[in-house]
Amino acid sequence: MAATIFLTMIVLLLLGFPMMIPLIIGAFIGFYELFNGIDKMDFMVQQFMAGIRPASLIAVPMFIFAADIMTRGHSANRLIDMVMSFVGHIKGGLAVSTATACTLFGAVSGSTQATVVAVGSPLRPRMLQAGYKDNFVLALIVNSSDIAFLIPPSIGMIIYGVVSNTSISELFIAGIGPGLLILVLFSIYSMIYARIKDVPTEPKANWKQRVHAVQQAIWPLGFPVIIVGGIYGGIFSPTEAASACVLYALILEFIVFRAISARDIYETAKSTGLITGVVFILVGAGAAFSWVISFARIPQELLGAIGVDEMGAIGVLFVISISFFIGCMFVDPIVVILILVPIFAPVVEAVGLDPVLVGTIVTLQVAIGSATPPFGCDIFTAMAVFKRPYFEVIRGTPPFVLILLLVAVALIFFPDIALFLRDLAFAKG
């Protein structure tokens, strides 16, 4: 049965069907084989609906809506100007500004695609004009945008939390440390690159200009305060923080900045509805598919074949990291989380791993795989946004992927990179 399901799914993917179709067909074949016909297909529908029932999933369309509103408005440009005023004049400062702006906007939007559009669109021309090679610029934008997977609000962490029944609030806080570490390492690499290539620096801003830039960015900086501060302070749940972000984005862009019109809000809501529909179909189909492979004990057979049961905690973390990294090189991150998390859940529990640490590592691997050839989804986003060919987009990615992999290994051996802030915020010993 397992061979039939996976072969059918691979054929459908190669024929160009969107991922939701192979997932639904795979689940259908599984239920048909398990129950000898279509008499129990109502149970498949029940599993499908159970997958989208958790209240925590309400945060997903809310964060998508808030990100879309900000992408149409002025928030991204104000964050960019603030960062540029402080580091634009140093060697590699424009590249550091781009990485920092991607991180800040990721902390505002939670969406890698929104970050590529909002930050990459205005900064790529400036970087090219300053003397950076386009392959470096594209790789920097794509990989820096993936920090949005780790910095809250992370849609990937929300999906992981729902699937694994792990605290989304704790996942959000745990992602901050690795996200900031990646930003620092990207910045160091960017400065080294700029020195080697002798890229010219930007004019240095005076303190009056810096103060003005900070004042302009005060309102957009309210988003991470709402999300992290609200959750950390026990004021909001992640879902409530998402709702507050939508209200704040509407007030900011529609009333304060007057950057969007009522028509823009309508178009944004329609776009969010379409994206949410696709995400929820994937989540529901993934839940039904996960039930099939779990009931058929396929995970136990696969993990037993590679000897995971005999590994210690570090060995299990390496297997998880490699599995998610490879999976996201070929398939949408949400689908990989939906399929693989239930497979590894029994092993994670058996070896006593902290599910928040596992979630942080999984999210990081999802981020890496999403920007890694051959089919990392953010590569194709960059191709569409910047209208550049595939090989030009991926040419500069190896150094950034190497940095991300080093951080992933560091997380395995030094889990406090992720857990220190979580333990501090939630008083865990």
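Quantities reported herein were computed from a predicted structural model and do not represent experimental measurements.
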Could you pull out all donor-acceptor pairs under 3.5 Å where a side-chain atom in residues 319-330 meets a protein atom, sequence neighbours excluded?
from: S321; atom 1: OG; to: L317; atom 2: O; distance (Å): 2.8
from: S323; atom 1: OG; to: V319; atom 2: O; distance (Å): 2.8

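- Contact of the M9 side chain with the F289 side chain is registered, since non-hydrogen atoms from C-beta on lie closer than 4.5 Å.
- Under a cut-off of 6.0 angstrom, the local environment of CG in D42 is crowded, with over 12 non-hydrogen atoms contributed by other residues, nucleotides or ligands.
- Between M49 and M44, every side-chain heavy-atom pair lies at or beyond the 4.5 Å cut-off.
- More than 12 heavy atoms of other residues, nucleotides or ligands shown are found within 6.0 angstrom of CZ on F257.
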Exercise for review: Kindly indicate, with the supporting measurements, whether the criterion side chain to side chain contact (heavy atoms under 4.5 Å, CB included) is fulfilled by L140 and S190.
Suggested key: CA-CA 9 Å; L140 175 67; S190 298; 3.9 Å; yes

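- The closest side-chain donor-acceptor pair between E253 and S75 falls under 3.5 angstrom.
- F43 CZ: more than 12 foreign heavy atoms inside a 6.0 Å radius.
- Nearest heavy-atom pair across A249 and I69 is O-CG2, 3.7 Å.
- Contact annotation: the side chain of V336 never approaches that of Q365 to less than 4.5 Å [non-hydrogen atoms, C-beta and beyond].
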Solution key, residues 233-243 side-chain donor-acceptor pairs under 3.5 Å, sequence neighbours excluded:
from: S237; atom 1: OG; to: E240; atom 2: N; distance (Å): 3.2
from: S237; atom 1: OG; to: E240; atom 2: OE1; distance (Å): 3.4
from: E240; atom 1: OE1; to: S237; atom 2: N; distance (Å): 2.9
from: S243; atom 1: OG; to: T239; atom 2: O; distance (Å): 3.3

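- With sequence neighbours excluded, the residues satisfying side chain to side chain contact (heavy atoms under 4.5 Å, CB included) with L94 are M84, L123, R126, M127, A130, Y132, E202.
- For the side chain to side chain contact (heavy atoms under 4.5 Å, CB included) with V60, the qualifying choice from I158, T276, T272 is I158, the only one to do so.
- Heavy atoms from other residues, nucleotides or ligands lying under 6.0 Å from NZ of K91 number more than 12.
- For L357 against P415, the heavy-atom pair with the smallest separation is CD2-CB, 3.7 Å.
- Distance check, rounded to the nearest 0.5 Å: CZ of F400 to CD1 of I368 gives 13.5 Å.
- In terms of heavy atoms, A425 sits closest to I173 at CB-CG2, 4.0 Å.
- Atom CD1 of I147 sits about 8.5 Å away from atom OG1 of T100, to the nearest 0.5 Å.
- Residue L411 forms a side chain to side chain contact (heavy atoms under 4.5 Å, CB included) with just one option from I361, L181, L419, D416, and that option is I361.
- Between Y189 and Y193, the angle of the ring planes lies from 30° to 60°, which puts this pair in the tilted group.
- Ion pairing between D134 and R395 fails under the 4.0 Å rule for side-chain N and carboxylate O.
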Practice problem: List the steps, then state whether side chain to side chain contact (heavy atoms under 4.5 Å, CB included) holds for I281 with L23. | Solution: CA-CA 10 Å; I281 290 172; L23 266 183; over 6 Å; no

Candidate pair M383 and E392, rule side chain to side chain contact (heavy atoms under 4.5 Å, CB included), full reasoning
CA-CA 9 Å; M383 289 172 60; E392 188 171 331; over 6 Å; no

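- Relative orientation of the Y248 and F223 rings is perpendicular, given thresholds of 30° and 60° on the angle between their planes.
- Rounding to the nearest 0.5 Å places CG of L171 at 6.5 Å from OG of S167.
- Across all their heavy atoms, V356 and A174 have their closest contact at CG1-CB, 3.6 Å.
- The side-chain heavy atoms of P342 and V163, taken from C-beta on, include a pair separated by under 4.5 Å.
- Under the 3.5 Å distance criterion, the side-chain polar atoms of S154 are matched with a main-chain donor or acceptor of F149.
- The side-chain heavy atoms of V278 and L274, taken from C-beta on, include no pair separated by under 4.5 Å.
- Other residues, nucleotides and ligands contribute only 12 or fewer heavy atoms inside 6.0 Å of the OH atom of Y32.
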Could you walk me through whether V358 and Y160 pass the side chain to side chain contact (heavy atoms under 4.5 Å, CB included) check?
-> CA-CA 10 Å; V358 175; Y160 174 87; 3.6 Å; yes

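- Remark: F105 CZ to N77 CG distance equals 9.5 Å, nearest 0.5 Å.
- Side-chain contact between Q216 and D81 is absent, with no heavy atoms from C-beta onward closer than 4.5 Å.
- Nearest heavy atom pair, residue G51 against residue V283, reads O-CG1, 3.3 Å.
- Atom-to-atom distance recorded for L406:CG and L402:CG is 4.5 Å, nearest 0.5 angstrom.
- Of the possible donor and acceptor atoms, one in the side chain of T103 sits under 3.5 Å from a partner among the backbone N and O of A99.
- Between V83 and L79 the shortest side-chain heavy-atom distance does not fall below 4.5 Å.
- Separating the CD1 atom in I151 from the OG1 atom in T363 is a distance of 11.5 Å, to the nearest 0.5 Å.
- Side-chain contact between L12 and I25 is present, with at least one heavy-atom pair separated by less than 4.5 Å.
- At distances below 3.5 Å, at least one donor-acceptor pair connects side-chain atoms of S85 with backbone N or O atoms of M82.
- Of all heavy-atom pairs between V162 and S56, the closest is CG2-CB, 3.7 Å.
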